[in-house]
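Heads up: the structure comes next, in structure tokens.
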Amino acid sequence: MSDDTILRVEGLMTQFKTDYGIVKAVDGVSFDLRRGETLGIVGESGSGKSVTNLSIMRLIQSPPGKTVGGKVIYDGRDLLSLPEEEVRLMRGKNISMIFQDPLTSLNPVLTISLQITEALQLHHHMGKREAKAKAVEMLKLIGIPDAERRANDYPHEFSGGMRQRVMVAIALSCNPDILIADEPTTALDVTIQAQILDLIKNLSSERHTSVIMITHDLGVVAGMCESICVMYAGKIVERASVDDLFYDPKHPYTRGLLDSIPRLDKAGAYGDERLYSIPGIPPSLVNLPEGCPFAPRCSKAKDICTKAYPPETKFDGERPRSVSCWLYAEEK
């Protein structure tokens, strides 16, 4: 692990026991996160994005879920092998997370200030008065007007965008090394989305925080991230820099995701042509097909695609780039 790498995930595997069988939600995921980098993890719903990062945080509910393999190396230690108490003390202080829905993530019966000060008192051993002052400072930093008064309000008294800002304040209050943002703009209108993304980007830049951005929206990662991992059926099928991925997508699934984005410079932007969608549906993670799980939906699938999973093919360049697809494995 190089000095520039702050987090390394190796062969992460998380499964869920159900009445229908074992769900392989995360199946051998590996990636590196550099210091100060913003890494995007994209894919359709159910591809394993959120479960990957909940596994990193050791927040998978057991039962029915369990992380059955792999390593998560942070600060020279494997988080998956540490005692629960040590991991609990690292959450919020070293690695923090913005969850999808602030309305269900915030406690409805506690004031906003109490929910921010909890982490400050636990991790930095602040007194109540000092922690309250820090909470008000964080609310001002994230753009909450009249922060001294609003700190005593409850979550239901805030709008959706303001609640999401509070989630950002809680996540960044202890100045963590790594921030995981799990679809932080879900259910927000586009104006508020842009404000939240700018807030995360500016605060992470000022504090040199590494960010993992989970989203299904490639438009979000285009302006936020430096590197992207594309997930499908619990696996990373392509990883590349943002420029490489947008200008030269390798995997047919990545191309399908990009073609699904409305563009003003192409026919169909004004309603004269139906927007492209990837045919078919994602496979069941209980009964994955043999070979490449994307093969049934892929227009370029060959016989070998239905028989064996493609090996990872790496490409030379300034930034690491790889793809798991038989189109390139055969060329190599």
Is any side-chain heavy atom of [Y] closer than 4.5 Å to one of [X]?
X	Y	result
Leu12	Leu80	yes
Phe16	Ile60	yes
Glu44	Met231	no
Trp326	Pro311	yes
Val29	Val26	yes
Leu327	Lys302	yes
Val237	Phe294	no
Ile95	Pro176	no

Looking at [Y] and [X], is any side-chain nitrogen of the basic one under 4.0 Å from a carboxylate oxygen of the acidic one?
X	Y	result
Glu137	Lys140	no
Glu290	Lys307	no
Lys71	Asp78	no
Lys24	Asp27	no
Asp198	Lys201	no

For the residue pair [X] and [Y], confirm or rule out a side-chain donor-acceptor distance under 3.5 Å.
X	Y	result
Glu312	Ser322	yes
Ser260	Ser277	no
Tyr74	Asp177	yes
Glu37	Ser227	yes
Ser50	Asp182	yes

Is [Y] reachable from [X] through a run of hydrophobic residues whose side-chain heavy atoms are each under 4.5 Å from the next?
X	Y	value
Leu197	Val42	no
Ile212	Leu199	yes
Met213	Val9	yes
Val230	Met224	no
Ile180	Val51	yes

Residue pair [X] / [Y]: nearest heavy atoms and the distance that separates them:
X	Y	value
Ala301	Ala295	CB-O, 3.7 Å
Leu7	Thr5	O-CG2, 3.4 Å
Ser324	Tyr309	CB-OH, 3.9 Å
Ala25	Leu285	CA-CD1, 4.0 Å
Met167	Ser105	CE-CB, 3.6 Å
Pro293	Leu288	CB-CD2, 4.4 Å

Expected output: side-chain [X] to main-chain [Y] donor-acceptor under 3.5 Å:
X	Y	answer
Ser210	Ile178	no
Gln15	Val68	no
Ser96	Ala171	yes
Glu226	Val242	no
Arg8	Ile73	no
Ser62	Pro64	no
Arg165	Gly160	no
Lys235	Gly28	no
Arg163	Phe158	yes
Thr306	Gly291	no

To the closest 0.5 Å, what do you measure between [atom1] ([X]) and [atom2] ([Y])?
X	Y	atom1	atom2	value
Ile112	Asn152	CD1	CG	10.5 Å
Leu39	Leu33	CG	CG	6.0 Å
Ile142	Met162	CD1	CE	8.5 Å
Leu79	Thr67	CG	OG1	11.0 Å
Arg239	Asp244	CZ	CG	14.0 Å
Asn175	His208	CG	NE2	11.5 Å

Between Val221 and Thr215, does a side-chain contact (heavy atoms from CB on, under 4.5 Å) hold up when you go through it step by step? CA-CA 8 Å; Val221 298; Thr215 182; 3.4 Å; yes
Apply side-chain contact (heavy atoms from CB on, under 4.5 Å) to the pair Leu54 and Met97, showing each step before the final yes or no. CA-CA 9 Å; Leu54 288 172; Met97 191 166 185; 3.9 Å; yes
Is [X] close enough and on-axis enough to [Y], meaning under 6.0 Å and within 45°, for cation-pi?
X	Y	answer
Lys250	Phe315	yes
Arg297	Tyr253	no
Lys314	Tyr328	no

Checking side-chain contact (heavy atoms from CB on, under 4.5 Å) for the pair Leu82/Arg77: CA distance, chi angles, key distance, verdict? CA-CA 8 Å; Leu82 292 179; Arg77 296 184 292 173; 4.3 Å; yes
Would you check, one step at a time, whether the test side chain to side chain donor-acceptor pair (under 3.5 Å) holds for Thr254 with Glu238? CA-CA 8 Å; Thr254 308; Glu238 183 169 1; 2.8 Å; yes
What do you reckon, is CD of Gln61 surrounded by more than 12 foreign heavy atoms closer than 6.0 Å?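 It does not: Gln61 CD has 12 such atoms or fewer within range.
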Applying side chain to side chain donor-acceptor pair (under 3.5 Å) to Glu183 and His216, what does each step give before you reach the verdict? CA-CA 8 Å; Glu183 302 203 28; His216 60 268; 3.1 Å; yes
When the ring planes of His156 and Tyr154 are compared, do they come out parallel, tilted or perpendicular, using 30° and 60° as the limits? parallel
Check the pair Ile170 / Gln115 against side-chain contact (heavy atoms from CB on, under 4.5 Å), numbers first and verdict last. CA-CA 7 Å; Ile170 293 172; Gln115 299 191 58; 4.2 Å; yes
With a 3.5 Å cut-off and sequence neighbours excluded, list the donor-acceptor pairs that the side chains of residues 118-129 form with protein atoms.
residue, atom, partner, partner atom, Å
His123, ND1, Leu89, O, 3.2
His123, NE2, Arg91, O, 2.8

